[in-house]
Amino acid sequence: MGLGGCLLLIAGGAILTFATDWQISGFNLDVAGLIMMAVGLIGVAVYSSVLRRRRAVVPPVAPTVVETDPYGRDGRAL
């Protein structure tokens, strides 16, 4: 679930909890809205932690330095 889905859960839960006065027998809309908001907040936290891990910068590996003799000798005895 992406960030948009998490925000949709938070908004839908807030609407069910705070903006409606419907009564359904055997089902509490306020609790359902609170659960939806909690799941949305958990989803945002998980999404942001995954995104932070994905953006981690790996330091570049130092190039291998090969030293050569400026006179063209390879270091062997003459």
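This structure is a prediction, so every number in the text was calculated from the model and none was measured.
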> What's the spacing between L16 CG and D30 CG if we round to 0.5 Å?
Replying inline: 8.5 Å
> Do M36 and W22 sit in the same hydrophobic cluster, where Ile, Leu, Val, Met, Phe, Trp and Tyr count as joined when their side-chain heavy atoms come under 4.5 Å apart?
Replying inline: yes
>> Quick check on the hydrophobic clustering: are F18 and V39 connected, directly or via other members, by side-chain heavy-atom contacts under 4.5 Å?
In response: no
> Of the non-hydrogen atoms in A32 and F27, which two are nearest, and what is the gap between them?
Replying inline: CB-CZ, 3.7 Å
> Can any side-chain N or O of T17 pair as donor or acceptor with the backbone N or O of A14 at less than 3.5 Å?
Replying inline: no
>> Once rounded to the nearest 0.5 Å, what's the spacing between atom CG of L8 and atom CG of L3?
In response: 11.5 Å
> Shortest non-hydrogen contact from S48 to A45?
Replying inline: OG-O, 2.9 Å
> CD1 of I10 to CD1 of I15: how many Å apart, nearest 0.5 Å?
Replying inline: 12.0 Å
> So how far is it from M37 CE to I42 CD1, rounded to the nearest 0.5 Å?
Replying inline: 12.5 Å
